[in-house]
Structures are given as C-alpha cells and as structure tokens.
Amino acid sequence: MRRPSSRATVITATLAAATTAIEARAAEPDAPGPHAVEVRDYDLGDEAFTPPGFPSIEVAGRVFSPAQLDEGPFPIVLLLHGWHGTCYDPADPDGSPGDGSYNGGFRIWPCPPPMVPIPSFEGYDDLGELLASHGFVVVSVSANGINANDNDDPDFGMGTRADLLDEHLDRWAVWNDAGGEPFGDTFVGAIDFERIGAMGHSRGGDGVATWAARDQSPDGNHRVDAVFLLAPANFWRRVVSNVAMAALLPYCDGDVYSLEGAHFFDDARYAVAGDPTPKYTFVMDGSNHNYYNTIWSPDMFVAGAADDAVYLESFFGADPYCGSSGTGRLTETAQRDSLAAYGAAFFRAELKDETEFDPILRGDAIAASAAPAAPRVAWVAPDDPTQRLDVNHIDTDEALGTNDLGAAVEVSGAQRYEICGLGDHPQTDPCVDSVGVYDGYIYEGRQPHTPGLGVLRIGLEEGGSWTNHLPAGTDVSALAVLQFRLTPDFEPPTTGDLAVTLTDAADNDASVIVSEYGDAMAPYPGTVYPMYPKKVLSAVRIPLDAFVGVDLTDLASITLTAQGAPVAVLLSDLAFTDARVDDPSGTGSTGSTGSTGSEGTGDPDGTGPTPSDTSVGAGTDAGTAGGTSTDSGAPGQSDGGGCGCRSSGASPIAPVMSGLLLLVRRRGRRTRRRDQPGGGGASPITSTPLPPTYP
C-alpha cells in the first residue's frame with residue numbers, strides 16, 4: 001500500500017531494544033552501553049519535502065534513543081544510506097528488473113502498487129542501537145526519493161542530500177524545543193544541538209560531506225561536529241575542514257572500487273591552517289561495499305541485495321582474494337562488527353569526549369570485534385603545535401630537495417626518486433608504471449590517492465637512504481610519536497625493510513625497524529588487473545621513547561634506510577605528533593604504551609579474551625617499540641546499485657594519552673571552532689566534477 005503523501009504523521013514501530021541497563025566494557029567501543037534503548041519510526045509522507053530544484057521526496061526515518069530521555073540532553077547523529085533500488089514487488093522480490101544494474105530493484109518514487117519501498121534506512125540498526133545505548137539520539141534517514149531522481153540532477157543529488165539532512169534536523173529542533181506530532185513532548189529537551197554528527201554510506205557519504213562543508217559556512221543551518229564517511233563516493237572533491245572526519249574504506253569494495261573516499265582525508269589534511277579537528281582513514285581488509293547495510297546484504301534481505309564483488313567479476317574475472325568466493329572475504333556479520341566498533345569509537349570520542357578509544361582510532365590498537373578486518377589506520381592530528389610538527393608533506397616536487405621546515409632533503413642509493421600522483425586525469429604522472437586500461441578506457445582501481453595527492457615514490461638499494469635534515473635547535477620533546485604514511489610499491493617488489501634513525505645535534509643516533517611497528521610494509525592482497533593489489537597509504541607510528549639515547553630537545557635529522565634488501569615504497573606526511581603526557585606516577589616517562597593483545601588459543605573457561613581479542617592493553621612506562629559505463633560496456637564505478645559514481649547513460653605499541661588532558665583539549669577544540677566566524681573558513685563547495693572516465 002502506498003504510504004501517506006501528506007504531512008500526516010505515522011509512527012510505525014515502537015519497541016524496547018533493552019529492558020535493563022547493560023554494563024559497558026570500557027575498552028571495547030562496541031560493547032553495549034548503560035542505557036536501555038527505544039526504537040521508533042516516523043513517516044511524514046512520500047512527498048513531504050520539496051528540495052530546491054528537485055522532485056518531492058519523503059521525510060521518514062528510524063529513531064534510536066535512550067529510554068530515559070530525562071537523563072539527556074544527548075548528542076544527535078544522523079545516518080544516511082546510499083544509492084540503491086527504491087521499490088520492489090513483494091510477490092516477486094528476485095524478479096525486479098532494475099535499470100540495468102547488477103543488484104536489481106526499481107528506481108522510481110513513490111512506489112506504484114503493488115510495489116513497496118526497499119527500506120535501506122533500516123540497514124544500520126546495530127549501529128543505531130549501540131550508539132543509543134551509550135547516550136545518543138540516532139536518526140536513520142530514508143532517501144529513496146533522491147535515489148530515484150539524482151542521476152538527472154547536475155549535482156547527482158549531493159546538495160539535495162544535504163537539504164534532506166537539514167530538513168530532518170530542522171524538524172528535530174522543533175521537536176526538541178516545543179514538541180509536536182508525531183512524538184508529542186517525548187523529545188523536548190532531549191537533544192544537545194551543540195553536538196551533531198552524521199554517518200553517510202556510499203553516495204550518502206558524499207552527501208554528508210557536502211552537508212558538513214556547507215553547514216560550516218556562515219549560511220549553514222547547523223554546525224556539524226563529526227562526520228563518518230562509510231565507503232563513500234567522492235564526485236566533487238569537496239573539502240571538509242574544521243570538522244572531525246573519518247573515512248572507512250572497504251578494501252574489497254566492488255562498487256566504489258577505487259576507494260575514492262581516500263581523497264576526503266588527503267584533501268583535508270592541510271586545507272585550512274589551524275584546523276582544530278582530527279582526520280582518520282580506516283582500511284578494512286576483506287570488506288565489500290554492501291554488507292555494512294543489512295538491507296543490501298543477501299543473508300538479511302532479498303530485493304536488491306548482492307555481493308558487489310560480482311560486478312567487477314563480470315568484467316575482470318574473480319580475484320582470488322577479494323572475489324565473491326575469495327579467500328580473504330569477511331562475512332556480512334564481521335563487516336558490520338567492524339563498522340560498529342570504529343563508528344562507535346569515533347562518535348564517542350568526538351561527540352562525547354571519551355578518550356579511551358584514541359589508541360584504536362590512531363592505529364595503535366585494534367578493537368577486538370574488528371580484528372578479522374585487520375584495520376590499517378591513518379590519522380592526522382589537529383593543526384596545533386602542541387600536537388603536531390609537520391616535517392615533510394611530500395606533496396610537491398620541491399619536497400625532493402627541501403622539506404616543510406626549510407631544511408635540506410638528501411637521498412643516496414636511490415633506484416627511483418620522484419613525486420607521483422600530481423596532475424589531473426588522464427594521469428600523466430601516475431603512481432603505477434602503467435595506468436589500468438579496459439577496452440581502451442582508463443579504469444584504475446589500484447591507486448586510491450591519485451590523481452591529486454603528491455606522494456614520494458622511492459626505490460632504495462640495500463643501504464640506500466633518504467634523510468630529512470631539521471633546523472638547528474629542533475625540539476620535539478613535547479611530542480610523543482614519529483609518524484608517516486606508507487605503502488609498498490609494486491615495481492620493483494619490496495623484499496627488505498626500512499630502518500628509521502633519529503640523530504641529534506651531538507651526533508647521537510638511534511634506529512628502529514618499521515615492520516616492528518605495524519603492517520604498513522606488508523603489501524596489500526589481490527592480483528586482478530587493474531583493481532588489485534591496491535596502494536593505500538597507512539600510518540607508521542613510532543614512539544619517540546623508542547629512540548634511546550637521542551636528545552629530543554635538539555634533533556638534527558630523520559633518516560630512512562633500506563635494510564637487508566632493496567625497498568620500494570610510496571611515502572607521505574612525515575611528522576612528529578601526539579602531545580606528550582607526563583606519567584602521573586612521577587617516574588618521568590611518557591604515558592605511553594597501550595599494547596595490543598596477541599592471537600592465542602582462547603580461554604578454556606570462557607572468561608578471558610578470545611583468540612582474536614586485540615583490544616587495548618594496559619599501559620606501561622616503557623615506550624617500546626563512480627565512473628560512467630562506456631558505450632562499449634566497460635564498468636562504471638557504482639554506489640550500491642551498480643552505477644553509482646557517475647552516470648552518463650595487529651597494531652604496534654603506542655602512546656595512550658592521559659584522559660584528563662585530552663578531555664580538556666577536546667573541549668577547548670570545540671569552543672575554539674565555534675568561536676570562529678563562519679565555522680573557521682571552510683572551503684567553499686565547488687561544482688567541477690572529476691572527468692567522467694575516472695573511476
């Protein structure tokens with residue numbers, strides 16, 4: 001039956017997700033919280049909202065909230081699904097012909113009888129209930145009306161998605177202030193509009209980024225604090241500044257297969273001087289695009305659900321690792337577990353100032369439930385001299401000879417030494433020796449950071465080195481970590497390791513080996529050209545206490561040396577980071593090391609950690625170490641529906657920050673950002689897409 005098209009209100013479900021408080025395990029971000037949860041649906045009609053220049057669309061959503069709302073006010077988080085089929089026939093759910101996409105489902109709105117909506121907004125219930133149990137109000141927004149029409153929109157519906165989020169949030173502001181249908185006075189005073197977050201999946205991710213960029217401007221309706229971009233499309237390279245941001249990139253994504261969401265991190269790192277907010281990427285091994293949403297997952301729903309790996313297989317063949325029967329693939333449940341862990345950690349850190357998950361978010365530990373996804377993490381600290389000293393961004397040709405501190409850069413024993421990835425499409429300076437081609441068109445899924453990110457491409461013979469000198473008197477004693485982003489190159493293959501050496505002005509030096517600090521030197525898997533393996537930069541983070549005997553108040557240089565055999569890598573973002581925190585015990589060490597758990601045989605009595613438990617360990621004093629489909633049928637990058645991009649037809653030991661100091665710093669960050677006029681000068685929204693043949 002067609003749903004109401006007027007503004008009449010309908011609450012379709014109310015249930016208690018928990019009847020008693022559940023004790024939270026503080027070290028695990030996906031452990032249920034102390035609040036019982038209630039779930040409500042609201043639906044104001046299929047055509048309740050008419051965005052500017054767009055057909056009328058629905059205003060409908062699912063609300064997850066603490067049962068005892070008088071314990072608020074609570075932060076609010078909006079969830080926005082991506083591009084997917086909108087309608088199906090319940091009598092023939094497998095037979096929906098779709099619009100030529102691989103996973104079926106009609107794209108029309110409203111749904112004509114006997115068809116009914118595909119409820120994509122119901123696909124994030126696990127995350128919604130989890131966050132609500134920790135004291136959030138979460139609203140999962142339906143966007144079927146946009147999905148049915150956005151390919152006819154010059155902006156591909158990104159501005160309209162932002163309009164829809166504003167529409168929902170405007171209504172929630174009324175329900176919070178004065179009440180009204182459909183909730184009466186239930187939510188009056190329940191929401192803290194000074195703490196707003198959003199998660200967007202696929203095209204929804206690009207829509208959330210558009211919303212965040214726009215609403216940081218003086219004309220924005222709401223001031224967004226934190227956005228989590230899940231397997232996002234990135235049509236327009238909009239830059240999200242002055243907003244905490246994370247991009248989750250599923251390594252085996254067969255839909256947004258180029259992992260172009262990496263650009264959100266790359267483009268925002270240094271876009272605005274003094275940006276007081278952190279940025280993160282989480283690369284999830286074995287994960288595809290669809291399984292984060294239960295409605296898009298074949299084990300959970302029928303119409304329109306699919307393993308998106310089959311889309312690439314029809315053109316390039318099945319990858320032995322990432323293919324639909326690949327050895328590296330995660331189950332639907334395992335994928336959603338990793339999202340719950342990292343999504344909850346992010347929002348609890350950025351909207352509730354909870355600091356215990358910083359090691360997980362920075363890549364120094366892995367949440368136990370996400371261990372099967374083997375997350376590779378990168379983060380950039382706020383642009384604050386107490387938290388970050390940039391040495392070499394490595395994003396221009398000048399970086400080959402001079403770093404960002406104005407000191408000399410030297411190389412010896414180099415087989416290759418260049419900046420790659422700069423320029424526009426077609427890629428005249430790629431980070432692969434030959435750009436991927438399919439049927440005469442460029443289809444390159446192996447280098448997510450290009451075009452547009454300059455990266456050092458360096459090949460060193462054994463004993464070869466790359467040195468960044470530092471200005472006289474460089475003092476990094478207030479910082480705790482040496483950090484850079486790295487991934488192995490393909491040509492030639494890396495068989496050695498990298499030694500990192502710090503040298504002080506008195507010529508004292510100390511070295512550590514990169515592979516002892518995470519898996520960034522390990523190549524990514526897969527073999528199917530031109531999709532796998534990918535070159536995704538992840539962080540190497542080395543505690544400065546590991547460099548024993550070096551005077552951190554007067555450093556002279558940083559050197560990377562090929563150890564044992566030749567090394568070929570891509571490298572970016574060399575910096576000192578993480579504010580040092582004195583050990584409260586008074587022993588004089590940094591508050592460094594939350595260690596990760598190790599794999600084991602399990603606990604026979606069932607009371608201890610599981611074999612995959614790699615959660616944050618106890619700290620010690622020792623600092624140890626969518627392109628278009630072509631006329632010839634080449635695949636276009638998609639977004640939950642086979643054509644969503646463009647349409648023309650176990651971690652190292654690392655510092656664990658003092659909770660008190662980080663709490664003060666984070667609260668100060670929020671105050672500073674809100675005091676900045678216009679949200680601190682966010683970059684304007686542009687209207688120039690990447691060329692349509694870029695994946």
Might you work through the side chain to side chain contact (heavy atoms under 4.5 Å, CB included) test for Asp253 and Asp308, ending with a clear yes or no?
CA-CA 7 Å; Asp253 195 324; Asp308 42 278; 4.0 Å; yes
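- Salt bridge annotation for Asp155-Arg203: absent, with no cationic side-chain nitrogen under 4.0 angstrom from a carboxylate oxygen.
- In this structure, Arg161 does not pair ionically with Asp166, as no charged nitrogen and carboxylate oxygen lie closer than 4.0 Å.
- Listed by chain and number, the residues in a ring-ring contact (aromatic ring centres under 6.0 Å, His included) with Tyr292 amount to none (sequence neighbours excluded).
- Remark: Arg237 engages Asp267 in a salt bridge, criterion side-chain N to carboxylate O under 4.0 Å.
- Taking the six-membered ring for Trp and the full ring otherwise, the centers of Tyr42 and Phe183 sit less than 6.0 Å from each other.
- With salt bridges taken as basic N to acidic carboxylate O contacts below 4.0 Å, one links Asp578 and Arg362.
- Residues Tyr291 and Trp296 keep their aromatic ring centres 6.0 Å or farther apart.
- Sorted by first and then second residue, the salt bridge (Lys or Arg N to Asp or Glu O under 4.0 Å) pairs with a member in residues 273-282 read Asp275-Lys279; sequence neighbours excluded.
- Remark: aromatic rings of Phe282 and Trp379 are distant, center separation not under 6.0 Å.
- The six-membered or imidazole ring of Phe121 lies away from that of His201, with a centre-to-centre distance of 6.0 Å or more.
- Residues Trp83 and Asp150 have side chains that bring a donor and an acceptor to within less than 3.5 angstrom of each other.
- When ring centroids are compared, His35 and Phe74 come within the 6.0 Å threshold.
- Here the straight-line distance linking atom OG of Ser120 with atom CZ of Phe301 works out to 8.0 Å at 0.5 Å rounding.
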